[in-house]
Amino acid sequence: MSKAPATSLTHLVKPQRLQFGETVGIVAPASAAEDPGDPDDFAAALLKMGFKPKLAPNVRKRLGFLAGDDQARASDLMTMFGDPEVKGIFCLRGGYGSARLLQMLDYRFIRKHAKVFVGFSDITSLHNAFETQARMVSFHGPTLNSSITDSKPSQFSLQSMLKTIMQPSAPGSLCDSKTQKDVLIMRKGTATGQLVGGNLSVFVTLIGTPFQPRFKDAIFFFEDVMEQPYRFDRMLTHLLNAGLLQQVAGVAVGTNKDCEDPDAAKSKEYHQTVEDVLRDRLLPLGVPVVTGLPFGHVRENGTLPMGLQATLDAVNGDLIINEAAVV
């Protein structure tokens, strides 16, 4: 399989908008389904949304913590991008393993057959590879093992995703009146730039690789799950030591789930919270910083188009997508 990048192409290509009634693929580029019946259940959920689901050939495979071997998972991605019937691709789940595929994909082919591609968490590796190597917009949004396929799906997550991948107009505000109540403005101001980021613990592993995006004047967004405060400090310090965070125009932090220090409550000593770490590491940058935005490993997980222009509104507490993500 060719590994040719498309980095000589400077402009981002946007995929065709997804429409109800079209066929969408289901892939598992990282970990396997938690339950053998999940692929069928998620296919049924996509059908209920109004799409025609198509399972990738190897989506049911298992190999330890992976959904089959690397060749099988990479082959499924390339098959779905090359299938003329498939108009969009949804990731079954995150977990671990996407980074193992980055040198196995044909990015020129992917760019030529650009499609809506949705996922988050471990899928961060693929999003950044598509942005840097294929120069294609992809979508940091819900995986299928999340609130969009619940018996009572999150309408916020579902509508955020659908409007972003189906409407050829700027999605606008990420927040609604309910989710905006949880937003915390750490440093006021406004900033506009290209959206780069993803799951923080996955994202930092891309630093120093060909899949590292440009930080210059970007809006850096991140979220994480089950990471203690000192680990946030380690990862953000790494980005500072690499001279990267100093280049951004603003920082948009999502909702970090289960990221408390488990020893804090029973200790007499002071233990930093994630908020403490964010203030310490981010405020000296002198750029707008907002936390608690509705994206991450939570029920309200809004969709963000990678690489497109957005405005971080650290006056009202919002992240606004300024341009259409699909054509």
Side-chain angles (χ1 to χ4, degrees), residues 15 17-69 72-83 85-98 101 115-127 130 138-166 198-199 202 223 225 257 295-304:
R17 67 188 180 102
L18 202 57
Q19 300 184 62
F20 291 124
E22 291 183 325
T23 298
V24 295
I26 299 176
V27 296
S31 292
E34 295 179 274
D35 184 280
D38 281 351
D40 296 317
D41 291 342
F42 299 153
L46 285 171
L47 188 64
K48 188 176 180 181
M49 285 181 209
F51 302 110
K52 297 177 183 177
K54 184 173 185 177
L55 296 175
N58 299 298
V59 75
R60 299 181 190 277
K61 287 193 173 181
R62 291 174 174 270
L63 181 64
F65 48 72
L66 301 170
D69 62 37
R73 299 188 335 275
S75 175
D76 275 0
L77 282 173
M78 297 308 304
T79 296
M80 286 300 179
F81 274 106
D83 188 336
E85 182 185 26
V86 171
K87 305 303 181 182
I89 303 169
F90 290 87
C91 294
L92 189 145
R93 62 168 298 192
Y96 171 73
S98 297
L101 309 182
K115 297 178 181 182
V116 165
F117 179 88
V118 187
F120 83 117
S121 193
D122 190 72
I123 310 303
T124 292
S125 293
L126 289 167
H127 286 315
F130 293 156
S138 60
F139 300 86
H140 184 279
T143 48
L144 293 176
N145 67 332
S146 69
S147 62
I148 63 167
T149 59
D150 287 350
S151 56
K152 294 184 178 180
S154 162
Q155 288 304 308
F156 173 85
S157 299
L158 186 59
Q159 294 308 316
S160 175
M161 181 185 75
L162 293 179
K163 76 174 180 179
T164 306
I165 66 176
M166 297 184 73
N199 177 264
V202 175
E223 60 79 32
V225 60
K257 184 181 179 183
F295 65 88
H297 289 73
V298 287
R299 182 170 171 81
E300 282 72 39
N301 183 15
T303 295
L304 298 171

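All residue numbers refer to positions in the sequence shown, counting from 1. All values below come from the heavy atoms of this structure, side chains included, with hydrogens, waters and symmetry mates left out.
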Separation between CD of E22 and CZ of F51, rounded to the nearest 0.5 Å: 8.0 Å
Where F42 and L144 come nearest, the two heavy atoms and their spacing: CE2-O, 3.2 Å
Under 3.5 Å donor-acceptor, T149 side chain and N145 backbone: no
Any donor-acceptor pair under 3.5 Å from K48 side chain to A43 backbone: no
Mutual orientation of the aromatic rings belonging to F120 and H297 [parallel < 30°, tilted 30-60°, perpendicular > 60°]: tilted
Side-chain touch K115/V86, heavy atoms, less than 4.5 angstrom: yes
Non-hydrogen side-chain atoms of R60 and P36 separated by less than 4.5 Å: no
Heavy-atom side-chain contact between R299 and D150 under 4.5 Å: yes
Non-hydrogen atoms of L92 and V59 that approach each other most closely: CD1-CG2, 3.9 Å
Side-chain donor or acceptor of N301 paired with backbone N/O of S157 under 3.5 Å: no
Pairwise side-chain contact, V24 with L46, heavy-atom cut-off 4.5 Å (strictly under): yes
Approximate separation, where rounding is to 0.5 Å, of S138 OG and L126 CG: 8.5 Å
For the student: nearest non-hydrogen atoms of L77 and P29, plus distance: CD1-CB, 4.2 Å
Check: S146 side chain, T143 main-chain N or O, donor-acceptor pair, under 3.5 Å: yes
Minimum heavy-atom distance D76-P57, with the two atoms named: OD1-CD, 3.3 Å
Separation of R62 CZ from S31 OG (nearest 0.5 Å): 9.5 Å
Side-chain (N199) to main-chain (D122) donor-acceptor, under 3.5 angstrom: no
Contact summary for I89 and M80, nearest pair of heavy atoms: CD1-CB, 3.8 Å
Aromatic ring pairing F117/F130, orientation class (parallel under 30°, perpendicular over 60°, tilted between): perpendicular
For D83, all residues meeting salt bridge (charged side-chain N to carboxylate O under 4.0 Å, His left out), sequence neighbours excluded: K54
Side chain to side chain, F20 and M166, heavy atoms closer than 4.5 Å: yes
L158 and M49, any side-chain heavy atoms less than 4.5 Å apart: yes
Y96 OH to S121 OG distance, which is reported to the nearest 0.5 Å: 13.0 Å
Under 3.5 Å: donor-acceptor pair, side chain of Q159, backbone of F156: no
Of I123, L304, T303, the residue whose pairing with F139 passes side chain to side chain contact (heavy atoms under 4.5 Å, CB included): T303
Atom of S98, atom of A30 and distance for their closest heavy-atom approach: OG-CB, 3.7 Å
Side-chain (T124) to main-chain (V202) donor-acceptor, under 3.5 angstrom: no
Enclosure of K52 NZ (heavy-atom neighbours >12, cutoff 6.0 Å): no
R73 CZ to L66 CG distance, which is reported to the nearest 0.5 Å: 4.5 Å
Pairwise side-chain contact, V118 with M161, heavy-atom cut-off 4.5 Å (strictly under): yes
Pair K61 + D69, salt bridge at N-O below 4.0 Å: no
Side-chain (R93) to main-chain (A32) donor-acceptor, under 3.5 angstrom: yes
